[in-house]
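FYI, side chains are in, hydrogens and waters are out, and symmetry mates aren't considered; it's all heavy atoms of this structure.
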Amino acid sequence: MENSLVLLLLLTPFVGFLFNVFFGKSASKTISGAIGTIAVAVSFVMSVYFFMQLNQTGKPISVKLFDWIEIGKLKIDFGILLDQLSLLWLLFVTGIGSLIHLYSISYMHDDENMHKFFAYLNLFIFFMITLVVGSNLLVMFIGWEGVGLCSYLLIGFWYKNQDYNDAAKKAFIMNRIGDLGFLIGIFILAHLFSTLNFVEMKQIVTGMGQMPYPNSFWLQISIAALCLFIGATGKSAQLPLYTWLPDAMAGPTPVSALIHAATMVTAGIFMITRMNFLFDLTPEVQNIIAIVGAITALVSASIGLLQNDIKKVLAYSTVSQLGLMFLALGLGAYNVAVFHVITHAFFKACLFLGSGSVIHSLHGEQDMRKMGGLKKYMPITFTTMLISTLAISGIFPFAGFWSKDEILMTAFEHNKVLWIIGSVASIMTAFYMFRLMYLTFFREFRGTEEQKHHLHESPSLITLPLIILAGLATVGGLINLPGSNWLNHFLEPILATKIEHKPLDGNAYMLMGIALTGAIIGIVWAYSKYIKQGFVPKEDAEITGFSKTIYNKYYVDEIYTSLIVKPINSLSNFFRTTLEPALGNVVYGFGSITNRLGNQGKKLHTGSIGLYLFAFVIGVLAIVSYLFLAQKPL
């Protein structure tokens, strides 16, 4: 019975995918969307069931589906593990995923390929579930690659636009770079431990303190951890593999919400948290993770300051928030990183779906310079987005205040420089998020008269998910309030290092006050500039100086193009235009010579039997003469 329910949790989205692939086109759009949504909702119900069961018994559920690979000592089965970490992820992957599917029924209703869209969404959820529930690194890798494939399909969903195709290819290729690192790390761990099972590897690592190991062993452990982190930088968009995520905005807005809030970009944090026992052995790699996370948070937040595309602002805010999560991971505060993953999923899904509501009302317009004054036309969208903006800015008592402050407090305890970097990034976040709100919803409308005539609140299938997510963004911080620390206690069994439950002291209140003051400064700064002064960002051609550098994302894409893309294109052109023809001429030359020799040789074949017999006799006489002369030298 339990095995059947586990399979129901895993396979229902895949069944939804198959339905929409084979029958979705012939079914109505409503049925196509409803089947896709129900498929994910069933997985959510199963996730809630297993979560409640684990909460009561405290025992993880492990299911071995079948033996998979056996090479010497290495044995890998296809297994499923439902423990504290995987069930937390399942709850928001399937829960928020269900809301995004529901939202998409209305948002994508006019698209001719709606059935295909829901098929891809269902497949995305299926692979994300596979990634989360796998009992070993190889099963996780299947889901890891699967979400990469689905991101390619969904980002380039509107494939008739070549720019969207390019964005999809960019996401796919940059993730393959990170995935190569992940795969190398898997190979090293398989060699070292003769297993890839998480529970077995943790048991081996726990007993390692009782046995001496050579320095080469510890070097391989460090290399493996670093390779896994490289995989995480690709999937979770950290420096230097972050540029694909802002371009992923090419896909329909529900795709952006799914990728940014609940699924793909959280995979790197999940994997590192799952392998926490390994990273605890490599403090030098943890330092790299913390530094990369802090710098990513700061750089991406600074880029977000001047972006004018509403979805691009949210995209860079995602990269920045992921940077803060990696900062926590690098400091060994895995529970804090998970806390921020959960709260971020609530408010970022709401923000992306809210931006989609705005774009839907404006018939595709995404430039905030052509918005404004939407508050009175779209009160539900405005209110829900305002709540989520307060949450991401770290304003008390919304969810982001609790999780972001905990990251900053952890950073303050370990490294004051990283705390400063994280704090500056957080102030920037409050500024650019309220800049988005002020430019979009306040003062006068700056669009066309035709757009103004059609302004309206979105349908209930769009606003209902917004209301639910805004509610979660308000109360989500309650899962780990100081004092109760429910989330910390819940996660303790999967962490190798015991969590310290420290009561709030004067220092903690001081840090919370500093963080809150910083957020208020960012909000007031944005209010002064965009409400009081009524400033509207300049047109692209008018942006000059350092602002132009920031607006153009520090020209990182251009640098990558010059250093990597163009040399590879030049090399491929050399092979195609020079080396390939040269090699072709050599091959064709041999063929031509052989052909000519054959043409000359075939002239000897006249069809005359008498001539053939004469040649045969002459040949036999020549052989006999040679043998005779060889035996009797002259």
Side-chain angles (χ1 to χ4, degrees), residues 66-78 136-139 141-142 144-146 148-149 152 165-166 169-170 172-196 214-217 219-220 223-224 227 230-231 560-634:
F66 53 85
D67 294 322
W68 188 11
I69 297 172
E70 184 172 349
I71 306 173
K73 294 181 180 179
L74 178 64
K75 294 182 180 180
I76 302 172
D77 56 39
F78 200 102
N136 59 67
L137 279 169
L138 209 53
V139 177
F141 190 72
I142 292 174
W144 190 276
E145 291 301 296
L149 167 66
Y152 169 77
N165 290 332
D166 292 341
K169 288 186 287 187
K170 183 177 182 180
F172 190 78
I173 292 169
M174 293 197 81
N175 271 275
R176 299 293 75 70
I177 296 170
D179 294 353
L180 176 60
F182 188 22
L183 202 55
I184 293 171
I186 290 175
F187 289 150
I188 294 172
L189 293 175
H191 168 70
L192 291 176
F193 298 127
S194 296
T195 182
L196 294 175
N215 291 334
S216 59
F217 176 84
L219 177 61
Q220 290 179 74
I223 294 172
C227 287
I230 291 171
Y560 285 172
T561 300
S562 298
L563 297 181
I564 300 172
V565 178
K566 286 184 178 179
I568 290 176
N569 285 341
S570 299
L571 186 63
S572 64
N573 286 333
F574 168 75
F575 276 102
R576 187 173 65 251
T577 60
T578 305
L579 194 59
E580 183 182 331
L583 291 173
N585 290 335
V586 171
V587 174
Y588 291 139
F590 280 117
S592 178
I593 292 170
T594 304
N595 191 40
R596 289 179 182 179
L597 289 173
N599 287 332
Q600 295 302 318
K602 74 181 181 181
K603 293 177 181 178
L604 298 174
H605 298 273
T606 62
S608 172
I609 295 176
L611 180 61
Y612 294 162
L613 287 172
F614 175 74
F616 175 75
V617 170
I618 293 298
V620 170
L621 289 173
I623 293 171
V624 171
S625 300
Y626 171 77
L627 294 173
F628 180 76
L629 292 173
Q631 291 177 358
K632 293 185 177 182
L634 296 175

Participant: Does Asp77 offer a backbone N or O that forms a donor-acceptor pair with the side chain of Asn136 under 3.5 Å?
Facilitator: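 Looks like yes, one N/O pair under 3.5 Å.
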
Participant: Of the non-hydrogen atoms in Ile223 and Ile188, which two are nearest, and what is the gap between them?
Facilitator: CG2-CD1, 3.6 Å

Participant: Just how far is it from atom CG of Leu183 to atom CZ of Arg176, taken to the nearest 0.5 Å?
Facilitator: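 With rounding to 0.5 Å, CG (Leu183) is 11.0 Å from CZ (Arg176).
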
Participant: Any idea which heavy atoms bring Ala224 and Leu189 closest together, and the distance?
Facilitator: CB-CD2, 3.8 Å

Participant: Atom OG in Ser216, atom CG in Leu192: separation rounded to 0.5 Å?
Facilitator: 9.0 Å

Participant: Once you round to the nearest 0.5 Å, how far does CG of Leu613 lie from CD1 of Ile618?
Facilitator: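 Reported to 0.5 Å precision, the distance equals 12.0 Å.
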
Participant: Give every donor-acceptor pair under 3.5 Å between a side-chain atom in residues 586-598 and any protein atom, sequence neighbours left out.
Facilitator:
| residue | atom | partner | partner atom | Å |
| --- | --- | --- | --- | --- |
| Thr594 | OG1 | Phe590 | O | 2.8 |

Participant: First locate atom CG of Leu196, then atom CD1 of Ile76, and finally report the distance between them rounded to the nearest 0.5 Å.
Facilitator: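 Interatomic distance, Leu196 CG to Ile76 CD1, rounded to 0.5 Å: 4.5 Å.
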
Participant: Considering all heavy atoms of both residues, which atom of Ile184 and which atom of Cys227 are nearest to each other, and what is their separation?
Facilitator: CG2-SG, 3.8 Å

Participant: Taking atom CG of Asn215 as the centre, does the number of heavy atoms from other residues, nucleotides or ligands within less than 6.0 Å exceed 12?
Facilitator: no

Participant: Got a sec: does the CZ of Phe187 have more than 12 other heavy atoms crowding it under 6.0 Å?
Facilitator: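 Counting other residues, nucleotides and ligands, CZ of Phe187 stays at 12 neighbours or fewer.
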
Participant: For Phe616, does the CZ atom have more than 12 heavy-atom neighbours from other residues, nucleotides or ligands under 6.0 Å away?
Facilitator: no

Participant: Which heavy atom of Ser562 sits nearest to which heavy atom of Pro567, and what is that distance?
Facilitator: O-CD, 3.2 Å

Participant: So, taking the atom named OG1 in Thr195 and the one named NZ in Lys75, what distance separates them when rounded to the nearest 0.5 Å?
Facilitator: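 It is 10.5 Å, given to the nearest 0.5 Å.
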
Participant: Would you say Ile609 has more than 12 foreign heavy atoms packed within less than 6.0 Å of its CD1?
Facilitator: no

Participant: Over 60° means perpendicular and under 30° means parallel, so classify the ring planes of Trp144 and Phe182, tilted if in between.
Facilitator: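 Tilted, since the angle between the ring planes falls between 30° and 60°.
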
Participant: With a 4.5 Å cut-off on side-chain heavy atoms, are Lys169 and Met174 touching?
Facilitator: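 SC-SC contact between Met174 and Lys169 ruled out.
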
Participant: Restricting to non-hydrogen atoms, name the atom on Pro581 and the atom on Phe575 that form the minimum distance, rounded to 0.1 Å.
Facilitator: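 So the two residues come closest at CD-O, 4.2 Å.
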
Participant: Go through the structure and list residues passing side chain to side chain donor-acceptor pair (under 3.5 Å) with Arg576, not counting sequence neighbours.
Facilitator: Asn573

Participant: Val565 pairs by side chain to side chain contact (heavy atoms under 4.5 Å, CB included) with which of Thr561, Leu563, Ile568?
Facilitator: Thr561

Participant: I'd like to know whether CZ of Phe193 has more than 12 heavy-atom contacts from other residues, nucleotides or ligands below 6.0 angstrom.
Facilitator: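 Buried by this count: over 12 neighbours within 6.0 Å.
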
Participant: Can you measure from CG (Leu138) to CD1 (Ile69) and round to the nearest 0.5 angstrom?
Facilitator: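 Taking CG in Leu138 and CD1 in Ile69, the distance rounds to 5.0 Å.
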
